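One structure is given below, encoded as structure tokens.
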Amino acid sequence: QEPLAESGGGSVQAGGSLRLSCGAAGLTLSSFRNHCMGWFRQAPGKEREGVAKIDAGGRTTYADSVKGRFTIAKEHAENFLSLQMNSLKAEDTAIYYCAAIFAPGNCPPGDNWQSRWWGQGTQVTVSS
């Protein structure tokens, strides 16, 4: 897998906020203009789930559990993919991964992305 790199994870109290960033060394967001990009998370003992996705046209989709609290965006000026997480809950605790998959139109259905573009993950811990 070609790695993406996430940053911005950490520990926060419930109700707090964190902003995650994701980029690829030597590449710009323009390199992913024909890709769907997304954030996934995996909590201990649970399967990986998609949290937020943004397709090549800029359309976004969110898991029901994070709607209204999380925002995914392509930060072209800073050249990274971001995930702004507000009103964090204990159940948001997980390792968060960013990923990209070639998809010039809509993002592919489901969360099982067969792609070379995955990050190593960043831990987010929310204490209640």
Side-chain angles (χ1 to χ4, degrees):
Q1 291 179 332
E2 290 290 332
L4 298 173
E6 305 95 341
S7 62
S11 297
V12 64
Q13 289 189 331
S17 298
L18 283 173
R19 187 189 192 205
L20 305 183
S21 302
C22 170
L27 297 177
T28 66
L29 277 180
S30 296
S31 302
F32 299 98
R33 61 186 175 277
N34 289 317
H35 289 65
C36 177
M37 302 188 77
W39 288 95
F40 297 74
R41 67 186 181 187
Q42 187 165 21
K46 295 187 178 181
E47 292 188 354
R48 186 179 65 199
E49 64 170 342
V51 173
K53 300 169 186 175
I54 183 166
D55 70 16
R59 293 174 290 266
T60 58
T61 56
Y62 297 91
D64 288 343
S65 59
V66 306
K67 281 181 181 176
R69 300 188 297 121
F70 290 12
T71 303
I72 187 172
K74 291 182 178 179
E75 309 289 353
H76 287 282
E78 290 87 3
N79 202 32
F80 58 73
L81 179 75
S82 68
L83 183 68
Q84 178 67 43
M85 305 185 294
N86 298 327
S87 302
L88 282 162
K89 305 175 181 180
E91 51 263 43
D92 294 319
T93 295
I95 299 175
Y96 283 71
Y97 302 88
C98 67
I101 188 168
F102 182 77
N106 297 329
C107 288
D111 295 332
N112 187 23
W113 286 10
Q114 299 299 314
S115 172
R116 60 201 290 251
W117 298 102
W118 279 93
Q120 298 299 307
T122 186
Q123 177 70 47
V124 171
T125 302
V126 185
S127 57
S128 58

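This one's a predicted model, so the numbers in the text were calculated from it and none came from an experiment.
Put simply, the side chain of R69 gets close to the backbone of S87: a donor and an acceptor are under 3.5 Å apart. Using modelled atom types, no side-chain atom of Y97 and backbone atom of G38 make a donor-acceptor pair closer than 3.5 Å. Looking only at distances, a side-chain donor or acceptor of S115 sits under 3.5 Å from a matching main-chain atom of A100. Side-chain atoms of T122 come within 3.5 Å of backbone atoms of G9 as a donor-acceptor pair (strictly under, hydrogens ignored). For the pair D55 (side chain) and C107 (backbone), a donor-acceptor distance under 3.5 Å is absent. No donor-acceptor distance shorter than 3.5 angstrom exists from the side chain of N79 to the backbone of H76, with no hydrogens or angles considered. A donor-acceptor pair is defined here as one N or O able to donate and one able to accept, closer than 3.5 Å; such a pair exists between the side chain of E6 and the backbone of G121.
With a 6.0 Å cutoff to the six-membered ring centre and a 45° limit on the axis angle, R48 counts as a cation-pi contact of W118.
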Report task. List the steps, then state whether side-chain contact (heavy atoms from CB on, under 4.5 Å) holds for F70 with L88. Result -> CA-CA 9 Å; F70 290 12; L88 282 162; 3.8 Å; yes
**Report entry** Evaluation steps, side-chain contact (heavy atoms from CB on, under 4.5 Å), between Y96 and M85
**Finding:** CA-CA 12 Å; Y96 283 71; M85 305 185 294; 3.9 Å; yes
Requested in this report: Just do the side-chain contact (heavy atoms from CB on, under 4.5 Å) check on T60 and T71 with the steps written out, would you?
Outcome: CA-CA 9 Å; T60 58; T71 303; over 6 Å; no
Requested in this report: Evaluate side-chain contact (heavy atoms from CB on, under 4.5 Å) for V126 paired with K89, printing each intermediate quantity in order.
Outcome: CA-CA 6 Å; V126 185; K89 305 175 181 180; 5.5 Å; no
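In this pair, F40 and W113 present their aromatic rings perpendicular. The plane angle is above 60°, beyond the 30 to 60° band.
Here the straight-line distance linking atom OG of S21 with atom CZ of F80 works out to 4.0 Å at 0.5 Å rounding. Taken from NZ in K74 to SG in C22, the straight-line distance is 11.5 Å, to the nearest 0.5 Å. Interatomic distance, L20 CG to L81 CG, rounded to the nearest 0.5 Å: 9.5 Å. Here the straight-line distance linking atom OG1 of T61 with atom NZ of K53 works out to 6.0 Å at 0.5 Å rounding. Atom CD1 of I95 and atom OG1 of T125 lie 9.0 Å apart (nearest 0.5 Å). Atom CD1 of I101 and atom CG of N34 lie 13.0 Å apart (nearest 0.5 Å).
Under the 4.5 Å side-chain criterion, counting only non-hydrogen atoms from C-beta, I72 is not in contact with Q84.
Every residue two or more places apart in sequence or in another chain was checked for a side-chain hydrogen bond (donor to acceptor under 3.5 Å, both in side chains) with K46, and none qualifies.
By the 4.0 Å N-to-carboxylate-O rule, D64 lies close enough to K67 to be salt-bridged with it. Between D111 and R41, none of the side-chain N atoms (NZ, or NE/NH1/NH2) sits under 4.0 Å from a carboxylate O, so this pair counts as no salt bridge.
In this structure, the ring of W117 has its center less than 6.0 angstrom from the ring center of F32.
Looking at every heavy atom in both residues, A103 comes nearest to P108 through CB-CD, 4.1 Å. In terms of heavy-atom proximity, A63 sits nearest to G50 at CB-O, 3.5 Å.
Using a 4.5 Å cut-off between side-chain heavy atoms of Ile, Leu, Val, Met, Phe, Trp and Tyr, with links allowed through other members, M37 and L27 fall into the same hydrophobic cluster.
Judged purely by distance below 3.5 Å, without hydrogens or angles, the side chains of S82 and E75 pair a donor atom with an acceptor atom.
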